[in-house]
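Working notes for the structure below.
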Amino acid sequence: MSSNKQGINTICTHSGAIEDATFKGSVSPLYMSTSFDFMDVETKRYPRYFNTPNQEYLSKKIAALEHAEAALIFGSGMAAISSTLLTFLKSGDHAVIQNDIYGGTRNFIESHFSNYGIEYSFTKDLSAQSFEDCIQPNTTLIYIETPSNPLLKLVDIFAIAKLAKSRQIITAADNTFATPIVQNPLDLGIDIVMHSATKYFGGHSDISAGAVASSQEIMDKIWDLAKDFGGNLSDYTVWLLERSMKTLGIRVKAQQRNAKRLAKYLQKHNAVKSVFYPGLKSNPYHSLAKIQMKGFGAMLSFELKDNYDSNTFLKALKLIKPSMSLAGVESTMLLPSKASHSLLSENDRLSQGITDQLIRFSVGIESKKDLIDDIDQAITLSNV
Ligand SMILES: *Cc1c(COP(=O)(O)O)cnc(C)c1O
């Protein structure tokens with residue numbers, strides 16, 4: 001029952017459901033079996049082969065959402081990302097990597113690529129020119145992540161795809177922050193899209209998972225390595241993820257509606273120095289966002305003015321939780337300087353625009369007024 005012609009909320013709700021032929025229940029049955037018949041069957045099923053019934057069917061929902069031919073579900077976003085990168089990068093190959101990427105991905109590249117003999121360059125900035133400047137004769141892969149964390153900068157997806165195609169370079173995009181509700185990189189010419197399903201796909205801060213979607217040909221190659229790395233997700237969690245994804249569309253739309261209102265509110269606030277959100281008309285990426293995204297997402301960040309203490313502000317919040325992770329239905333905030341970017345030197349951090357006053361805001365589905373009230377009372381208490 002998966003069709004790209006269906007509306008996005010219908011795909012979220014119904015695509016890739018397993019029919020309960022025995023009892024006619026209305027939700028997908030959960031098949032926990034790790035042992036399946038091998039005689040006279042077309043598919044040899046085994047969890048680590050990513051092809052148990054629940055894995056196979058939920059993959060169809062993810063593929064439909066990303067306008068892909070096929071998808072695989074992993075035990076974490078990093079399992080999805082590392083399996084994908086190592087499928088297409090061999091000893092002697094070179095990768096061009098966007099500068100602002102998720103810390104875990106950056107750490108994977110910097111800590112382990114040299115062990116595999118893989119070369120890499122991080123771009124100077126997010127312009128297509130700076131990607132082009134990094135290309136070498138042995139470049140086989142370009143990696144992007146847009147919007148970026150935590151400053152919500154955008155990469156011109158179409159320009160990167162075009163650049164890569166002209167040189168026969170494969171492209172991979174981390175679409176975690178946008179979600180397929182807001183952005184479909186494959187439609188813009190990117191080859192592979194990856195997700196930390198721990199974030200919006202799960203959406204309730206209680207599932208660790210990852211996903212990759214692409215053409216069948218590319219997914220077959222990734223599968224070949226992934227089944228040996230063994231990063232599959234247990235079927236019970238696959239089943240929970242299906243349940244979460246039924247509301248992906250309505251959650252993300254509600255969250256981004258809140259994010260836009262809060263970005264506007266913060267922009268006018270006299271305690272706030274700057275707001276980073278592509279949905280604001282004043283944002284340098286606003287026009288690009290309107291071209292390549294179907295909305296502006298639900299992540300934003302903002303800087304408090306110097307006479308407010310960011311630590312005190314975070315501690316004073318009552319409704320909004322300080323949290324490492326993001327994308328749940330509950331609003332959370334984080335200080336990148338103390339969390340995601342704490343391992344960088346102060347100089348490196350500041351050169352990336354990550355000051356101690358910067359706060360990343362993952363906007364949830366709460367009532368807007370309650371979020372504003374919470375921010376206001378915390379701002380008042382943090383005035384120094
Ligand atoms: C969280 C995250 C990841 C890693 O996902 P895990 O599920 O934690 O392994 C990758 N990319 C982005 C953008 C993320 O936010």
Side-chain angles (χ1 to χ4, degrees), residues 58 62 66 71-86 95 97-112 122 126 143-155 157 171-183 185 190 192-213 222 226 229-234 237-238 240-241 244-245 248 251-252 255-256 259 276 278 293 297-301 323-328 332-336 339-343 352 354 360-364:
L58 183 58
I62 295 170
E66 281 294 9
L72 289 176
I73 302 157
F74 288 81
S76 70
M78 283 314 301
I81 291 166
S82 56
S83 301
T84 301
L85 288 176
L86 292 182
I97 314 280
Q98 177 185 321
N99 195 355
D100 284 83
I101 52 165
Y102 178 72
T105 312
R106 190 181 185 103
N107 188 59
F108 170 61
I109 291 164
E110 291 183 327
S111 304
H112 304 294
F122 282 102
L126 273 61
Y143 187 94
I144 64 170
E145 178 183 317
T146 178
S148 73
N149 178 27
L151 291 170
L152 290 306
K153 297 180 195 168
L154 304 192
V155 175
I157 300 175
T171 43
D174 183 333
N175 204 27
T176 301
F177 267 38
T179 82
I181 308 304
V182 175
Q183 178 171 279
I190 294 294
I192 307 166
V193 48
M194 295 155 304
H195 283 276
S196 169
T198 313
K199 313 295 166 53
Y200 288 102
F201 281 18
H204 298 74
S205 309
D206 55 8
I207 283 176
S208 164
V212 182
I222 296 172
F229 276 159
N232 61 287
L233 185 63
S234 113
T237 316
V238 171
L240 284 176
L241 185 58
S244 288
M245 289 187 70
L248 178 67
R251 276 191 279 111
V252 169
Q255 285 173 264
Q256 80 173 349
F276 304 90
M293 300 170 80
M299 296 296 303
L300 63 92
S301 56
S323 163
M324 272 297 275
S325 197
L326 58 106
T332 62
M333 285 190 187
L334 161 147
L335 291 175
S340 53
H341 293 67
S342 62
L343 296 177
Q352 289 183 27
I354 297 163
R360 188 186 74 186
F361 189 0
S362 169
V363 182

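In each ligand, atom 1 is the first atom listed, and ligand 1 is the first ligand listed. All of these numbers come straight from a predicted model, not from anything done at the bench.
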Nearest 0.5 Å, please: how far is CE in Met78 from OG1 in Thr84? 10.0 Å
Using only atom types and a distance under 3.5 Å, with no angle test, would you say the side chain of Glu145 pairs donor to acceptor with the backbone of Ile101? no
By chain and number, the residues contacting ligand 1 below 4.0 angstrom (heavy atoms only) are Ser76, Gly77, Met78, Ile81, Tyr102, Glu145, Asp174, Thr176, Phe177, Ser196, Thr198, Lys199, Ala209
Rounded to the nearest 0.5 Å, how far does CD1 of Ile157 lie from CE of Met293? 8.0 Å
Can you check side chain to side chain contact (heavy atoms under 4.5 Å, CB included) on Arg106 and Asn99, steps first, answer last? CA-CA 9 Å; Arg106 190 181 185 103; Asn99 195 355; 3.3 Å; yes
Please identify each residue that fulfils ring pair (Phe, Tyr, Trp, His ring centres under 6.0 Å) with Phe122, with sequence neighbours left out. Tyr120
Arg360 side chain to Asn149 main-chain N or O, any donor-acceptor pair under 3.5 Å? no
